[in-house]
Each structure stands twice: as C-alpha cells, then as structure tokens.
Asks: 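Quick one: the structure is below, questions incoming.
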Amino acid sequence: MDVYEAVTSRRAVRGFTDRPVPKEVLERVLSAAAWSPSGSNLQPWNIYVVTGAPLAELKKRAGERVTAGDPWDEREYEMYPPQLKSPYRERRSAFGHERYSALGVAREDWEARQRAASANWNCFGASAALFCYIDRDLGRPQWADVGMYLQTVMLLLRDEGLHSCAQMAWSVYRKTVADILSPPDELILFCGMSIGYEDVTVRYTRTGRAPLDETVKFVQG
Ligand SMILES: Cc1cc2nc3c(=O)[nH]c(=O)nc-3n(C[C@H](O)[C@H](O)[C@H](O)COP(=O)(O)O)c2cc1C
C-alpha cells in the first residue's frame, strides 16, 4: 500500500469484528510509529495497548457508567472551545449530519444520537485499543507531536489491513481507564483509539473535507 492509499483509505471506522489483532502486528506498527517526528525528539507520547480481558473489563465498566447515567469525569482539557466559531461550527455540524444520517438517526433525535455515541465506550466492538497519554507539564507543540504520532499509527494500521478510530470520548471516562491502566499521576489521557478489522456490514458516510482553497494558500513569487 502506498502512502496516498494509506491516507485516503484511513477513516474513522465505527464498527469492528471481534477478530483478534495479533500482538506482533501491533508491535510492528508501534515500533515503526516510534520514528514519528517530534520537536527536539521529545517523543512525548505515552501509549498503553489494551486487549483481551483488561479491554473487556474496561468496556464493561464504561458501559455500566453509561447505563447508570454517571456524570462524566471532570475535564483535564477542553475538547473544543465553548463557542466554536465559523467555519469550524459549520464543519462540525456537517460532520454530525454525515455521521448520524448514515445511521438513519434524525438530527433532533437526541436519545438515538446518545445511543450511537455510547458505542464509543465499547470501542465499536474492536478487539484492541490504545490509550494515548501526555505529560501534563508539556505544552501545545508536544500535543501536536502526539497528533502526528497517532496519525502515523493509523496509517501503518492501514498497511496491516487494520482500521482505527481515534476517540477523545474516552477522556470523559478517564478515571475508569485509569482504574484499568494505573498510569502515573503526571499523565493526562488525551484519547483512546479503537483498532481492529472493519465490520463491513456497518453503514457509514465518508466524511467530506473543505475545498483545498479554504484551508491552503499558495503564496507564489
Ligand atoms: C483526536 C481525535 C479524536 C477523535 N475522537 C472521536 C471520538 O471520540 N469518537 C468518534 O466517533 N470519532 C472520533 N474522532 C474521529 C473524527 O470524528 C473523524 O476523524 C473526523 O470526523 C473525520 O472523519 P474521518 O476520520 O472518517 O475521515 C476523533 C478524531 C481525532 C483525530
């Protein structure tokens, strides 16, 4: 698979089969992803890979919290600014429309949207997940480094015939994640990532992108 194909075939997959992901594949991917760039080579990513019984336990505990209507854990970072301005507001709204219309869920059907969202905490059925932490002392450039690392992981997964879905949703149940992983206190959970083999029977709409001239300016001499 060439890089263009890896980039364009990666998407947020939200339906996986229960086929296990071999540990050696995950090791190969994460060993290669370690070559991702980072400012001054800090390599600020702290990754926990979870499969088998611990993942089943995590899904169970998170599911119990969803069912109980347990309040979310207090935030350690804001996922989005409270007042999302244009053009981001419109892009988020278009994404919501694409995501929920593929599931046949109406925009105003809040309960059905919540049900669909709760699949996050079952890792959309995936048999493997990773959790990405960053040291709370580090700043915005290091968070950007972590993003590059995660994209590298997702592209390498494509080369292995695997799919993924990055999930900030896990940050709202970060204490449950911590109960399973016992990370040191100095780490903040940025996101989880479901990893596995796609369930091709799950319907989806490919999310669109802004036209190139909306996000890129060529300044030519
Ligand atoms: C850091 C990050 C966090 C994300 N968190 C979630 C999440 O919690 N749940 C989810 O279903 N999708 C999540 N996504 C997936 C995005 O919604 C998705 O990447 C975006 O809509 C573009 O769609 P595509 O990846 O299918 O091209 C996340 C993506 C990123 C990069």
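Every number for a ligand or one of its atoms is a count from 1 in the order of the listing. Positions are given from 1, in the same order as the sequence printed here.
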Asks: Should you measure from each heavy atom of Phe124, which atoms of ligand 1 turn up under 4.0 Å away?
Replies: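 Going through ligand 1 atom by atom, the ones under 4.0 Å from Phe124 are 11 (O).
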Asks: Heavy-atom pairs closer than 4.0 Å: do any link ligand 1 to the side chain of Cys165, the backbone, both, or neither?
Replies: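 Contact part for Cys165 vs ligand 1: side chain (C-beta onward).
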Asks: What are the two closest non-hydrogen atoms of Gly192 and Phe131, and how far apart are they?
Replies: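 That would be CA-CD2, 3.8 Å.
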Asks: Which atom pair, heavy atoms only, marks the closest approach of Gly15 to Val202?
Replies: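 Looking at all heavy atoms of both residues, the closest pair is CA-CG2, 3.9 Å.
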Asks: Who gets closest to atom 16 (C) of ligand 1 by heavy atom: Arg10, Arg14, Met79?
Replies: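 Result: the heavy atom closest to atom 16 (C) of ligand 1 is in Arg14.
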Asks: Phe16 vs Phe124 aromatic rings, parallel, tilted or perpendicular, using cut-offs 30° and 60°?
Replies: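 Plane angle between 30° and 60°, so tilted.
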Asks: Identify, for atom 26 (O) of ligand 1, the protein heavy atom at the shortest distance, and state residue, atom and that distance.
Replies: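 Nearest neighbour among protein heavy atoms for atom 26 (O) of ligand 1, to 0.1 Å: Ala12 N, 2.8 Å.
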Asks: Testing the basics here: between Ser101 and His97, what is the closest heavy-atom pair and its distance to 0.1 Å?
Replies: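 Scanning both residues completely, I find the closest heavy atoms to be OG-O, 2.7 Å.
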Asks: Should the pair Arg92 and Tyr80 be classed as cation-pi, given the thresholds of under 6.0 Å to the six-membered ring centre and 45° from the axis?
Replies: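 Output yes; distance and angle both within limits.
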Asks: Where on Met193 is there a heavy atom closer than 4.0 Å to ligand 1, on the side chain, on the backbone, on both, or on neither?
Replies: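 None of Met193 does.
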Asks: Okay, side chain of Gln167, backbone of Asn120: is any donor-acceptor separation there less than 3.5 Å?
Replies: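 Looks like yes, one N/O pair under 3.5 Å.
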Asks: Give me the nearest non-hydrogen protein atom to atom 2 (C) of ligand 1 as residue plus atom name, then the distance to 0.1 Å.
Replies: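 Here the nearest protein heavy atom works out to Ala166 CB, 3.8 Å.
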Asks: Take atom CZ of Arg206 as the centre, draw a 6.0 Å sphere, and report whether it contains more than 12 heavy atoms from other residues, nucleotides or ligands.
Replies: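 Yes, the 6.0 Å shell around CZ holds more than 12 heavy atoms from other groups.
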Asks: Looking at atom 24 (P) of ligand 1, what's its closest protein heavy atom, distance included?
Replies: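 Answer for atom 24 (P) of ligand 1: Thr207 OG1, 3.3 Å.
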Asks: Does Lys59 offer a backbone N or O that forms a donor-acceptor pair with the side chain of Asn122 under 3.5 Å?
Replies: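 Looks like no, no N/O pair under 3.5 Å.
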Asks: Quick one: does Arg209 get a heavy atom under 4.0 Å from ligand 1?
Replies: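 Flag set, Arg209 near ligand 1.
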Asks: Is any N or O atom of Arg99, backbone or side chain, closer than 3.5 Å to an N or O atom of ligand 1?
Replies: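 N/O-N/O distance below 3.5 Å does not exist for this pair.
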Asks: Are any of the N or O atoms of Phe190 closer than 3.5 Å to those of ligand 1?
Replies: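 The answer is no, given that Phe190 and ligand 1 share no N or O pair closer than 3.5 Å.
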Asks: Under 4.0 Å from atom 4 (C) of ligand 1, do we find at least one protein heavy atom?
Replies: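 Yes, there is a protein heavy atom closer to it than 4.0 Å.
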Asks: Among Leu189, Ile134, Ile188, whose side-chain contact (heavy atoms from CB on, under 4.5 Å) with Tyr77 holds?
Replies: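 Filter result, single survivor: Ile188.
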Asks: Considering only heavy atoms, which of Ala119, Ala117, Ala169 lies nearest to atom 8 (O) of ligand 1?
Replies: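 Considering heavy atoms of Ala119, Ala117, Ala169, the nearest to atom 8 (O) of ligand 1 sits in Ala169.
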Asks: What are the atoms of ligand 1, with element, lying closer than 4.0 Å to any heavy atom of Arg206?
Replies: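 The list of qualifying atoms is 26 (O), 27 (O).
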Asks: Using a cut-off of 6.0 Å, state whether more than 12 heavy atoms not belonging to Lys217 lie near its atom NZ.
Replies: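 Yes, enclosed.
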Asks: Below 3.5 Å, N or O to N or O, backbone or side chain included: is there any such pair between Arg11 and ligand 1?
Replies: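 Looking only at distances, the answer is no, because the N/O contact criterion of under 3.5 Å is not met.
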Asks: Just to be sure I read this right, does ligand 1 sit under 4.0 Å from the backbone of Asn120, its side chain, both, or neither, counting only heavy atoms?
Replies: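 For Asn120, the contact with ligand 1 is made by the side chain alone.
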